[in-house]
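Heads up, the thing below is written out as C-alpha cells.
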Amino acid sequence: SDVCSSDLNTYSWYQQIIKPTWSPPAAVFGPVWTVLYVMMAFAFYRILRRSSARDLRPVAAFMVQITLNAGWSVAFFGQNSPLLGLVVIVPLGLSIAWTLVLFWTRDRVSGALLAPYLAWVSFASLLNFEIWRLNG
C-alpha cells in the first residue's frame, strides 16, 4: 500500500511540475528505459566474458554508473528534486562516457551498445536542467 501511494505521489508530482514543450510524453520513458537496460545488460555480459581478474576497471566503471543511475531516480523522483537530480545526473553522464570508452577498448560491440544510453542520458540531463530552471 505504501509503495503504491508513493508511486502515485511521484506520478502526481511529475504530472504537476512545469516541463519544457519538447519533453517526451510520460509513456515514452518506460519503453525507452526497457530497451536501454537490455542493451546495457548485454554489453555488461559481453564485458564480463572478456574481463580478466587483472583488469576489472570496466566492471567497476559499470557498477559506478549503474549505482548513479539508480541514485538519479531516488534524487529526482524519490525526493521530488530536480536540483538533486542534476547533482547526480552530471556525474552519471560522465561515468557512462568513461564506461563506454572502457568497454569500447575491450569489445567494440559492448561500447556501441552503450552509445544510445549515453545519448538518452545526455538528453535527460538537458531535460532535468530545464525542469529545474522552470520550477526553480
Side-chain angles (χ1 to χ4, degrees):
S1 161
D2 288 343
V3 170
C4 289
S5 66
S6 175
D7 288 346
L8 282 174
N9 290 340
T10 296
Y11 181 76
S12 175
W13 171 77
Y14 188 74
Q15 291 303 108
Q16 291 174 11
I17 61 174
I18 302 165
K19 292 178 277 310
T21 56
W22 46 269
S23 180
V28 168
F29 292 96
V32 168
W33 276 112
T34 299
V35 170
L36 292 174
Y37 280 125
V38 168
M39 293 170 73
M40 290 162 48
F42 187 57
F44 189 52
Y45 165 77
R46 290 178 60 92
I47 288 299
L48 286 175
R49 291 192 48 204
R50 287 163 174 73
S51 289
S52 70
R54 291 180 283 107
D55 185 15
L56 292 177
R57 287 177 299 169
V59 174
F62 186 88
M63 298 312 263
V64 167
Q65 70 77 25
I66 202 72
T67 301
L68 286 167
N69 182 306
W72 180 84
S73 295
V74 171
F76 188 88
F77 290 110
Q79 298 299 311
N80 296 350
S81 176
L83 177 58
L84 198 52
L86 274 175
V87 169
V88 178
I89 205 165
V90 170
L92 170 59
L94 294 171
S95 69
I96 294 166
W98 181 240
T99 303
L100 189 154
V101 167
L102 291 172
F103 277 28
W104 181 266
T105 60
R106 285 148 183 86
D107 175 46
R108 290 190 176 197
V109 171
S110 295
L113 284 166
L114 293 187
Y117 175 39
L118 179 59
W120 181 256
V121 170
S122 297
F123 170 75
S125 298
L126 294 173
L127 181 59
N128 189 152
F129 174 80
E130 197 59 14
I131 288 171
W132 169 74
R133 191 183 69 74
L134 291 170
N135 294 276

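No hydrogens, no waters, no symmetry mates; every other heavy atom, side chains included, goes into these values. In this chain, residues are counted from 1 in sequence order. Everything numeric in this text was worked out from a predicted model, so none of it was measured.
At least one side-chain heavy atom of R106 sits under 4.5 Å from a side-chain heavy atom of D55. With contacts defined as side-chain heavy-atom distances shorter than 4.5 Å, the pair Y117/T99 does not qualify. In this structure the side chain of F76 reaches within 4.5 angstrom of the side chain of N128, judged on heavy atoms. Between F44 and I66 the shortest side-chain heavy-atom distance does not fall below 4.5 Å.
Both W72 and I17 are members of a single hydrophobic cluster when ILVMFWY side chains are connected at heavy-atom separations under 4.5 Å. In the hydrophobic clustering of this structure, M63 does not group with V74; members are Ile, Leu, Val, Met, Phe, Trp, Tyr whose side-chain heavy atoms approach within less than 4.5 Å, directly or through other members. Both L126 and W33 are assigned to one and the same hydrophobic cluster, defined by single-linkage of ILVMFWY side chains at heavy-atom distances under 4.5 Å. One hydrophobic cluster holds both Y37 and F62 under the rule that ILVMFWY side chains link at heavy-atom gaps under 4.5 Å. Residue F103 is grouped with residue V59 when hydrophobic side chains (ILVMFWY) are merged at heavy-atom distances under 4.5 angstrom, including chains of intermediate members.
The ring pair (Phe, Tyr, Trp, His ring centres under 6.0 Å) test applied to F29 returns W120, not counting sequence neighbours. By the side-chain contact (heavy atoms from CB on, under 4.5 Å) test, S125 is found to be paired with I89, V121, residues two or more places apart in sequence or in another chain being considered. Residues passing the ring pair (Phe, Tyr, Trp, His ring centres under 6.0 Å) test with W104: none are found, sequence neighbours excluded.
N69 and L92 get closest at one heavy-atom pair: N-CD1, 3.7 Å. For S95 against L68, the heavy-atom pair with the smallest separation is OG-CD1, 3.6 Å. The minimum heavy-atom distance between P58 and I47, with the atom names listed, is CB-CG2, 3.9 Å. Closest heavy-atom contact between S110 and A43: OG-O, 3.3 Å. Pairing each heavy atom of L127 with each of P20, the nearest pair is CD1-CG, 3.5 Å.
Through chains of ILVMFWY side-chain contacts below 4.5 Å, L113 is grouped with V35, M39, F42, Y45, V109. Other cluster members for L102: W98, V101, joined by side-chain heavy-atom distances under 4.5 Å among Ile, Leu, Val, Met, Phe, Trp and Tyr.
Under a 3.5 Å cut-off, the side chain of K19 and the backbone N or O of P25 do not form any donor-acceptor pair.
Remark: D107 does not engage R49 in a salt bridge, criterion side-chain N to carboxylate O under 4.0 Å.
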Using distance only, find each side-chain donor-acceptor pair of residues 129-136 under 3.5 Å and give its atom names and separation, not counting sequence neighbours.
{"unit_1": "E130", "atom_1": "OE1", "unit_2": "R133", "atom_2": "NE", "d": "3.2"}
{"unit_1": "E130", "atom_1": "OE2", "unit_2": "R133", "atom_2": "NE", "d": "3.2"}
{"unit_1": "E130", "atom_1": "OE2", "unit_2": "R133", "atom_2": "NH2", "d": "2.4"}
{"unit_1": "N135", "atom_1": "OD1", "unit_2": "I18", "atom_2": "N", "d": "2.9"}
{"unit_1": "N135", "atom_1": "ND2", "unit_2": "I18", "atom_2": "O", "d": "2.7"}
{"unit_1": "N135", "atom_1": "ND2", "unit_2": "I131", "atom_2": "O", "d": "2.8"}

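Interatomic distance, Q65 CD to L100 CG, rounded to the nearest 0.5 Å: 10.0 Å.
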